Amino acid sequence: MRFDILTIFPGLLESPLQEGIIRRALAAEQVRIEIHNIRDYALDKHAMTDDRPFGGGEGMVMKPEPLAAAVADVRRQAPGGRVILLSPQGRPYNQAVAEELAQLDHLVLVCGRYEGVDERFIAKYVDEEISIGDYILTGGELAAMVMVDSITRLLPGVLGCADSADFDTFSRGGLKYPQYTRPRVFEDMAAPEVLFSGDHGAVAVWRLLAEIEQTMTKRPELVPRMRFSAGELKILKKQGLLAKLREAGWQDLPAEH
Ligand code: 9D3
């Protein structure tokens, strides 16, 4: 996967890419990330990237020409990427969108600033607008980082098998079970006894029940979409939990995959 990121604040994007899994994926050339300073594509001697809105009003608007020149330069280097504008008006981002975009091999992420971007640039150059949620950021840079982070970890070979263990939880559609590590007793709180039993079956049952409890308590709206294997359903039936799940809106629908 190649990401090209267009921004007037390249410094905002540098350090998140220099640590952890993203750094490792860059070193292994599983992902390539090119940051472009929009200011380098400004035409006038002051390198202006924004201007006052036609019709008056608060704030500034990003000028179309530097953005268009930056996209043209990216296309010269690597044709054919999907151009995404990070914008409060965009399609809501979630794991399904991340999985969809992880299938592509080139994304061009345009980070807006100020009150917005000249609509003519959007009309001609932008394939899609994406928002990362209903809260107000100061610009698209952190949103672009959220996309790079969430998409990169989905690319083949980026996560080791151990890291990708959360796959089973996502496939179940609810929250993950609580985790514990040493010390066994922390500030008078002991970790659950079953985790020391050495009984892998008992641990699996405890984790299954803990996931249902976590989801019902913290994210009840996710319960209706939870999916269980035949083996898990047998356990839940034995535990008398199916009625409780149904009360919470759960329906035993056939698996989607
Ligand atoms: C105060 C200005 N707002 C008027 C209601 C409009 C506005 C313009 C630009 C609000 C935020 C921004 C900057 N935000 C982004 O560029 C952005 C964003 C966001 O704010 N929330 C969630 N996802 C995204 S993606 C890009």
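Order of appearance sets the numbers: ligands from 1, and atoms from 1 within every ligand. Counting begins at 1 with the first residue of the sequence. It should be emphasised that the depicted structure is a prediction, and the values quoted were computed from it without experimental measurement.
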* Side chain to side chain, R184 and F196, heavy atoms closer than 4.5 Å ->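 Yes - at least one pair of side-chain heavy atoms lies under 4.5 Å apart.
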* For the residue pair I84 and V108, establish whether any side-chain heavy-atom pair is separated by less than 4.5 Å. =>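 I84 vs V108: side chains apart.
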List the closest protein heavy-atom neighbour of [atom]: residue, atom name, distance to the nearest 0.1 Å.
atom                    : result
atom 17 (C) of ligand 1 : P88 CD, 3.8 Å
atom 25 (S) of ligand 1 : S87 N, 3.3 Å
atom 3 (N) of ligand 1  : E115 OE1, 4.1 Å
atom 22 (C) of ligand 1 : G133 O, 3.1 Å
atom 21 (N) of ligand 1 : Y135 O, 2.8 Å

For [X], counting its heavy atoms only, list the atoms of ligand 1 lying under 4.0 Å from any of them.
X    : answer
I136 : 10 (C), 11 (C), 20 (O)
A143 : 25 (S)
I130 : 25 (S)

* **Exercise check, heavy-atom protein proximity under 4.0 Å to atom 5 (C) of ligand 1** =>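 Within 4.0 Å: no protein heavy atom nearby.
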* Asked: Do any nitrogen or oxygen atoms of I132 lie less than 3.5 angstrom from nitrogen or oxygen atoms of ligand 1?
  ->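 Such a contact does occur with ligand 1.
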* To do: Using distance alone, decide if ligand 1 has a nitrogen or oxygen within less than 3.5 Å of any nitrogen or oxygen in L137.
  =>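 Yes, at least one N or O pair falls under 3.5 Å.
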* So Y41 and T49, side-chain hydrogen bond (donor to acceptor under 3.5 Å, both in side chains) or not? Walk me through it. -> CA-CA 9 Å; Y41 298 92; T49 56; over 6 Å; no
* Asked: At the 4.0 Å heavy-atom cut-off, does Y114 count as touching ligand 1?
  ->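 Contact check Y114 vs ligand 1: positive.
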* Asked: Would you say G116 contacts ligand 1, with heavy atoms under 4.0 Å as the rule?
  ->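 No; G116 lies far enough from ligand 1 that no heavy-atom distance drops under 4.0 Å.
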* R2 vs Q77, side-chain hydrogen bond (donor to acceptor under 3.5 Å, both in side chains): CA-CA, chis, key distance, verdict -> CA-CA 11 Å; R2 172 175 172 144; Q77 292 175 33; 3.2 Å; yes
* Identify the two heavy atoms, one from P53 and one from E58, that lie closest to each other, and give their separation to 0.1 Å. =>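 Heavy-atom minimum between the residues: CG-O, 4.0 Å.
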Should [X] and [Y] count as an ion pair when the cut-off is N to O under 4.0 Å?
X    : Y    : value
E221 : R219 : yes
R91  : E128 : yes
R120 : E65  : no

* Asked: Does any donor atom in the side chain of H36 or D73 lie under 3.5 Å from an acceptor atom in the other side chain?
  ->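 Their side chains do not contain a donor-acceptor pair, so the 3.5 Å distance test is not met.
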